[in-house]
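This one's a predicted model, so the numbers in the text were calculated from it and none came from an experiment. Here is how names work: the chains are called A, B, and so on, in the same order as the sequence lines, proteins then strands, and each is numbered from 1.
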Amino acid sequence: MAKISKKKVSKKSLKKSTKAPDKVTAVVYDDEEDLNEADDNITSEEEDEEDDGGDERKRQKLLEAISALGGKRKKKLGERSEAAVHMSEFTVNAEGEGDKIDLAELIGTIEETPAVPARTKKQLKSLQQSKRTIECPLSKQESERIQRDVAFQKASAEASRWKGIIGQNQRAEQLIFPLNQEPSGPKPMERVVTGWKAQTPLELEVFALLSANKQPINDPILTPAEEASLKAMSLEEAKIRRAELQKARALQSYYEAKARRERKIKSKKFHKVQNKGKRKELIKQFEEMVKADPAAALEELNKIEMARMQERMSLKHQNSGKWAKSKAIMAKYDEGARKAMQQQLEVNKELTQKLVTSLNNEEEKEKEETGEAEVIPDFANDAEQGLDSSNPWMRGKLSEDLTDKEIMIVDLTAEEATANTAEKEEDEEKAEEVEETEQETLLREFDSRRKLRQAEEAKTGPEICVDDEVESKDEAEVLDASDKEEEELSKFTSLFRGLTDRHCDAENEQAEAAAVGSHMDAQLEEGLMRIRTLEDVELLIHKGSATDEAPAQPQLPPTTETLPSATLKEGKNRKRKRGIQLEEILTKETKVIQVQLTPTVEDTEDSNEKLDQRGLIKEAFAGDDVISDFLKDKRKQEEAGKPKVDELTLPGWGEWGGMGLKPSRNKRRRFRVKTAPAPPRKDQHLPSVIISEKRNSSISLHQVNSLPFPFENHAQFESTIRSPLGRTWNTERTVKKVTKPKVVTQLGAIIEPMAREELIKDKKQVSVGNKSSVDLGKRNY
Amino acid sequence: MKVKVLSRNPDDYVRETKLDIQRVPRNYDPTLHPFEVTREYTRALNATKLERVFAKPFLASLDGHRDGVNCMAKHTKSLSTLLSGSCDGEVKVWNLTKRECVRTLQAHEGFVRGMVVRYCGTSFFTVGDDKTIKQWKMEAPGYGEEEEPLNTILGKTVFTGLDHHQKDGVFATCGQQVDIWDEQRSSPIRSFTWGVDSFSSVRFNPVETELLGSCASDRSIVLYDMRESTPLKKVIMTMRSNTLCWNPMEAYYFTCANEDYNLYTYDMRYLDRPVTVHMDHVSAVLDVDYSPTGKEFVSASFDKTIRIFHKDRGHSREVYHTKRMQHVICIKWSSDNKYILSGSDEMNIRLWKANAAEKLGVLAPREREAANYSQKLKEKFQHHPQIRRIAHHRHLPKSIFQQTKELRIMKEARSRKERNVRKHSKPGTVPVVSEKKKHVVTVVQ
């Protein structure tokens, strides 16, 4: 509904308007609901009629008061007086300007004008008839809030466009500032010359000549002919490539034909020979693999093992088949049949023979190491996985075993198939190797060798870690002993489990606390000491070591200090009981105590499978005597720790030497070197504990005792530490690559903030993709 | 008969030219180098020690102001020029290479509140306590000429801050409200208000050049878009922010220096919690400036120290202080990423190295390679306790040291109490509030 705000006029203008001939003022009474409007209209009309100003004002007030009684909030319309109307010098006055303009009046003319489209007319009519009021506009605060919200959305969307570039820069290995650098060195001629034009007649003539002969005007650009030849080069390349492809296809078809032919050959001897050759080849490859890639070799070994198992299970070469039976009948009379059977059995023997290689042992060792390398925290975390109550000793390592099993299951394939796949793999590897440059292969070899060596070295590393575990064991033991000596050791195991877990938790917390302090993020260690010289730094180290020792010690003392007291207290009891207990109780079956652990997601996921696995493990470890194994282990360790007597006697020196002659006792005694006996072992009086004596506190001062932040596991961290950076161990190129600084700035160059052009550049790169990269490559030259 | 002869290819051991370095054949087989890790560890340790020994960040002090230095401005086109305004209304232009003042002018009566160099570097603007904005030529007036501003705009209220657009002739001031000015006009083309608060600083986003941020005295940070008629959003924190600085390389990040001793890095799009809280100062942080690479920023504090933070680490990597430096009021990171300039209460401007142990000047290639290598070594072994201990050691004045300790104790006590309250109340009633969330009161749209 169109409402035109009424313009009230001052008294003077009113008088004027009355002079004018009686005009028709269309008084429109709006809807009854619209009280205000009606009131206003009434007032305006009456204003017209009345002359007396004073009266009129009073009346106005009265009317207002009445309308206010209506209860509805009245909105006062804006008052505005227009001076221009009655000050007109031409004494032209706008007739009826005090009146209200009606929509009908305005629309009236539309009916007559043919130019107005019918649709508009319709719309206007409906507008005239509709009696709804316009909804009142939102309050200023609300509308502003909406505006702000919209504006913010827009701005943040705009800012978000930078996300890609920001991410890219954060991930970049090296950033060079200023960002949009002009390449140094001489600029190409065309860029320098762009602004310049030939002016003198001579120049003009020269340029005309050049252009006529299709010669390049600027120096580095090629002639059209040259460019064309360049393009032709690409065609040649395409030809070469096509030829290569053809050749490859032909070769493939030859191979296929050959294979088909060979398969059709019926001669048994031929196949026998061929199989033998293949087997030999396989063994050769395997031996190579043992050297080059132990992991793959191990897998292969597993496969072979699997095949053996299948052979054992099957009755294939057991001389129990139809053929064998028929031969058995013939065997009495026929030498050949007997021989055939013998052969058959031999084949069986061969196939079921266990393969023993040096690799096997090595791998096992490695496995153990990796197992050990996973220090307590991981083991503590994995505890839910090892819910298996049937074998508490397996808790720590369960997950690994499972993976192994899975591999075994997956590898249940026929022997031939494995052989085939192996061959294929070999081929592929070869192909790859051909592609690789010599240098790379060399580097790879180095790397693998390095890893091998480090793995050997790592033996010492993990054991230090193991110490912690051992210590915790120790603590547990002590506590246990002091609490209830007569309790069965089976209970002890579970208790110990809980304790270690708690200990681990505590350790974890400690580690976390340490990590908080030890991040890169870590606070600066601010002190009152100032470093001026290298000596100061040395001093700092000593101070540091002193402080570092403090947190390191708390781990040790509880064992060393509480141990004697505990042993003193119950030393006698212990001495009496220990021997008996060990033999009698340790060999007993352990009682299973169900300990509730927090339920995990994994538990709920595949309980069925788990049950199966549990059963499997139970079965697998049915015959194992873990405890006696442990005792053996301990004894072995003790043996290893004992000082060895070195005999340095060289036979034949100062005496007669030869077969059957021994150097004299006197001489042997003289050259016998006896090392001092080692101090008593810490676990001397602890029957169920092995404490490693290899821990060296002076080294541990320099070692990282918790996993630093960005790393996810120990192996990751160790591998970064293991790979050297210096040029003593790396080629020049590698060193350059490895020691590239993250941010490079140019000396004396102003680094401008990132410009919008970067965004456009980025977009282009994304959209154009491959092509642009090729172009960029060209442009670099 | 077969005769075996030693044959060697001279290519393997003869240099091509006399200028080449000698070929040193080397066997890189790792089995031949069993002590690589230990050797590198020693090298890293030595590099760390040397770094600490060579860490002498203080370069020079520029004195000449007769009152505290209140604001500074970097020249946009020249690295060696610095402008500084003091509390007595004096503006000085410095030549950093010669370390001397080249020009002095009395710009305002009362404080010089803000100063900024136009993007072209030919003129600069100052605002002061005398309610004026003045534009000055960068060159000193010729002989006999008087020092006069190019333009002077008289405002209705005091201006407290000033910043210039990155590319256009538009600048922004703040005071009672945030105004956007066209250089050609004497009245603001736009002014933003939101409530009735005074603003302490306003900064243009250097990347998304139409965006602005400002710090208000009602503890809020308000964002604006120059093209819109209304502000965008504001976040109210527990305490007032003094200044803010946008990251020059990452469009939507900015860092604000807060009164509660911390700095907060925000993502413009998500104001409800800061991305990082940077702690270490022991008094109000007064100013902050990003390095031009956008990787780090430097902050000046009332506790008389300067600290350098990595943009996404919670603690500082470096702290600078001298005996004579008082409350540091303004700070700038030079636009070649090498130096830091600090202006402080006791009338001096100090020039620091951004990397304390870095060697200045041109490095020979071998020198640079060695530096890179030792840097990588330090990074590689940074987690080892001995090396960390040395690398993180910093000397602090006694008072600050004590204060740090005190603050730590207070913080621990507070967290302990909170923990205890949580322990003794119904689970869920006392939720754990992260450090990031703790300082944001609300976000107003």
Side-chain angles (χ1 to χ4, degrees), chain A residues 144-145 147-149 151-152 155-156 158-160 162 166 169 175 177 446 449-450 453 518 520-531 533-534 537 540-541 544 548 701-704 708 720-722 724-726 728-731 735 738-741 743 745 747-751 753-754, chain B residues 28-31 33 36-37 40 43 49 52-53 77 79 166 206-208 211 225 228-233 248-252 268-269 280 292-293 295 313-316 319 335-337 362 369 372-373 375-377 380 382-386 388-390 392-396 398 401 404 445:
Chain A
E144 268 188 355
R145 162 178 273 212
Q147 273 180 28
R148 280 198 296 261
D149 207 25
F152 176 76
S156 66
E158 213 166 82
S160 296
W162 291 94
I166 290 171
N169 283 354
L175 282 176
F177 293 104
F446 288 164
R449 264 197 243 175
R450 183 178 293 137
R453 187 168 54 75
S518 68
M520 278 283 295
D521 202 23
Q523 275 183 316
L524 297 172
E525 282 165 43
E526 288 147 349
L528 297 172
M529 205 177 89
R530 203 189 271 270
I531 301 177
T533 57
L534 266 176
V537 179
L540 194 72
I541 294 174
D548 277 3
L701 266 183
H702 296 267
Q703 280 173 329
V704 182
T720 52
I721 292 296
R722 222 177 281 147
L725 306 171
T728 326
W729 307 283
N730 288 311
T731 54
V735 171
V738 167
T739 61
K740 222 163 50 169
V743 173
T745 55
L747 216 59
I750 292 176
I751 301 168
M754 193 167 279
Chain B
Y28 292 115
D29 188 349
T31 48
H33 305 284
E36 51 195 17
V37 177
E40 286 217 316
R43 283 181 195 178
K49 284 177 189 175
R52 283 294 88 213
V53 168
K77 296 289 168 201
L79 278 173
Q166 199 66 34
V207 187
E208 277 296 326
L211 299 178
D225 190 329
E228 307 285 344
S229 59
T230 52
L232 301 181
K233 212 170 205 181
M249 289 294 158
E250 302 180 353
Y252 42 76
M268 191 203 97
R269 301 164 299 166
D280 264 357
T293 58
K295 298 272 172 206
R313 304 240 166 88
H315 290 282
S316 56
V319 52
S335 34
D336 62 345
N337 198 32
V362 182
E369 270 165 34
N372 288 347
Y373 175 48
Q375 184 58 40
K376 282 286 157 177
L377 277 183
K380 182 181 164 188
Q382 66 190 340
H383 303 294
H384 288 252
Q386 300 287 302
R388 200 177 59 220
R389 169 88 188 132
I390 297 168
H392 284 213
H393 178 85
R394 294 290 180 284
H395 166 251
L396 268 190
K398 204 170 184 179
F401 182 70
T404 319
Q445 284 186 333

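- For B/Lys295, the part sitting under 4.5 Å from any heavy atom of chain A is the side chain, from C-beta outward, and nothing else.
- A/Arg148 places no side-chain N or O within donor-acceptor distance of the main-chain N or O of B/Pro231, the cut-off being under 3.5 Å.
- B/Lys376 NZ to A/Leu725 CG: the interatomic distance, rounded to the nearest 0.5 Å, is 8.5 Å.
- Looking only at heavy-atom pairs under 4.5 Å with chain A, the residue among B/Lys380, B/Lys77, B/Glu228 that has the most is B/Lys380.
- Checking side-chain atoms of A/Glu144 against main-chain N and O of B/Thr230 turns up no donor-acceptor pair under 3.5 Å.
- Residue A/Leu747 touches chain B through its side chain alone, counting heavy-atom pairs closer than 4.5 Å.
- Looking at B/Phe401, only its side chain comes within 4.5 Å of chain A, counting heavy atoms on both sides.
- Heavy-atom distances place the side chain of A/Thr745, and not its backbone, under 4.5 Å from chain B.
- Residue A/Glu158 holds its CD atom at 13.0 Å from CZ of B/Arg269, rounded to the nearest 0.5 Å.
- For the atom pair CZ (A/Arg145) and CD (B/Gln445), the distance works out to 6.0 Å, reported to the nearest 0.5 Å.
- Here the CE-OG1 distance, from A/Met754 to B/Thr293, works out to 10.5 Å after rounding to the nearest 0.5 Å.
- Both the backbone and the side chain of A/Ala151 come within contact range of chain B, with heavy atoms under 4.5 Å apart.
- Of all the listed residues (B/Pro292, B/Pro206, B/Ser335), the one sharing the greatest number of non-hydrogen pairs under 4.5 Å with chain A is B/Ser335.
- The candidate from B/Asp336, B/Val53, B/Leu396, B/Leu211 with the greatest count of non-hydrogen atom pairs under 4.5 Å with chain A is B/Leu396.
- Between B/Gln375 and A/Pro741 there is no side-chain heavy-atom pair separated by less than 4.5 Å.
- Note that the CD atom of B/Glu36 and the CH2 atom of A/Trp729 stand 7.0 Å from one another [nearest 0.5 Å].
- With a 4.5 angstrom heavy-atom cutoff, B/Asn372 touches chain A via backbone and side-chain atoms both.
- Between atom CE of residue B/Met249 and atom CD1 of residue A/Ile166 there is a gap of 11.0 Å, rounded to the nearest 0.5 Å.
- In this model, a donor atom of one side chain and an acceptor atom of the other lie less than 3.5 Å apart for B/Glu208 and A/Trp162.
- Looking at A/Val738, the atoms closer than 4.5 Å to chain B (heavy atoms on both sides) all sit in the backbone: N, CA, C or O.
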